[in-house]
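Working notes, structure below.
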Amino acid sequence: MRLLRDKVIQEGIVLPSGVLKVDSFLNHQMDPVLMREVGREFSRRFEGEGITKVLTIESSGIAPGIMTALELGVPLIFARKQKSLTLTEDIYVEQVYSFTKRVTSDITVSRKFIAPGERVLIVDDFLANGEAAFGLARIVEQAGASVAGIGIVIEKAFQPGGSRLQEAGYRVDSLVRIASLADGQIVFADES
Ligand code: 5GP
């Protein structure tokens, strides 16, 4: 996606830890026009998949997620990240290790928002090792629903998340793919 690629080139900052900082348009300040285009693009790619819900994780997945849900005409659910849980009766819970924060947290979704048989599109801002996407997929499957696909805004293709998810049978569609962040340089992989 050209617009997104240009934004990454102009505003992305490579941190030494292999993290791409995009807090001027995605992770802190958000660019609504770009998010609308992201939503349109995911909607175009996944239309015809019979999607009934979009599922993301707080907080940076919410902007691309809500725009995608708006375009598809379905609700957005965002999984919550919680440190420790006491009551777990009414919620689905999965453990997810955070690549950027280096901590494991519980992610939760209320049982009332995913019904058996639903077709759920997972959307997230970044894909690195795939922990967040796998956690979300396990929640969908716990609910007896199916994962229609995984839409990623920025995939770091030098980390194994994309291939791990595809090997597990999921369709992964990334709007830009980054092949390397070595030496502070952003190198793009094949891009559609
Ligand atoms: P994964 O779970 O695939 O290992 O990592 C994806 C999650 O970690 C995303 O939800 C995102 O919040 C965060 N993340 C991973 N890599 C990056 C990165 O390079 N930059 C930013 N801003 N977030 C990242």
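All ligand and atom numbering here is 1-based and tracks the order in the structure.
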Fill in: Min N/O separation Ala133 to ligand 1 under 3.5 Å
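Min N/O separation from ligand 1 is not below 3.5 Å for Ala133.
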Identify, for [atom], the protein heavy atom at the shortest distance, and state residue, atom and that distance.
{"atom": "atom 5 (O) of ligand 1", "value": "Ala128 CB, 3.6 Å"}
{"atom": "atom 16 (N) of ligand 1", "value": "Lys156 NZ, 3.0 Å"}
{"atom": "atom 20 (N) of ligand 1", "value": "Leu20 O, 2.7 Å"}

Item to complete: Run the contact test for Ser60 against ligand 1 with a 4.0 Å cut-off on heavy atoms, strictly below, and give the result.
Response: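 It does not, in that no heavy atom of Ser60 comes within the 4.0 Å cut-off of ligand 1.
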Worksheet item: Of all the heavy atoms in Val22, does at least one lie under 4.0 Å from an atom in ligand 1?
Response: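 Not so, Val22 does not reach ligand 1.
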Worksheet item: atom 4 (O) of ligand 1: which of Thr56, Asn129, Thr100 has the nearest heavy atom?
Response: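 Checking each option, the heavy atom nearest atom 4 (O) of ligand 1 is found in Asn129.
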Item to complete: Pick whichever of Phe99, Tyr97, Phe126 has a heavy atom sitting closest to atom 23 (N) of ligand 1.
Response: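 Result: the heavy atom closest to atom 23 (N) of ligand 1 is in Phe126.
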Atoms in ligand 1 with a heavy atom of [X] nearer than 4.0 Å:
{"X": "Asp124", "value": "9 (C), 10 (O)"}
{"X": "Glu131", "value": "1 (P), 2 (O), 3 (O), 4 (O)"}
{"X": "Ala132", "value": "2 (O)"}
{"X": "Asn27", "value": "21 (C), 22 (N)"}
{"X": "Val19", "value": "18 (C), 19 (O), 20 (N)"}

Under the 6.0 Å and 45° cation-pi test, does [X] pair with [Y]?
{"X": "Arg102", "Y": "Tyr97", "answer": "no"}
{"X": "Arg171", "Y": "Phe46", "answer": "yes"}
{"X": "Arg111", "Y": "Tyr92", "answer": "yes"}

Worksheet entry | Side-chain donor or acceptor of Ser180 paired with backbone N/O of Ala182 under 3.5 Å |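 Yes: the side chain of Ser180 pairs with the backbone of Ala182.
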Discussion item. Any side-chain to backbone donor/acceptor pair from Glu41 onto Val38? Under 3.5 Å, distance only.
Written reply: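 No, Glu41 side chain to Val38 backbone: no donor-acceptor pair under 3.5 Å.
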Practice prompt. Just grab all the side chain to side chain donor-acceptor pair (under 3.5 Å) pairs involving residues 57-80, residues at least two apart or on different chains.
Written response: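 Passing the test, one end in residues 57-80: Asn27-Ser60.
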Worksheet entry | Side-chain donor-acceptor contact under 3.5 Å, Gln159 with Lys156 |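 Judged by distance alone, the side chains do pair up.
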Discussion item. Please tell me whether Glu11 and Ser24 have a donor and an acceptor in their side chains that are separated by less than 3.5 angstrom.
Written reply: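 Per modelled atom types, Glu11 and Ser24 side chains form a pair under 3.5 Å.
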Worksheet entry | Asp125 contact mode with ligand 1 (heavy-atom cut-off under 4.0 Å) |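 The answer is the side chain of Asp125.
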Worksheet item: So, Arg138 and Glu141, do they make that salt bridge, N to O below 4.0 Å?
Response: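 Salt bridge flag = no for Glu141 with Arg138.
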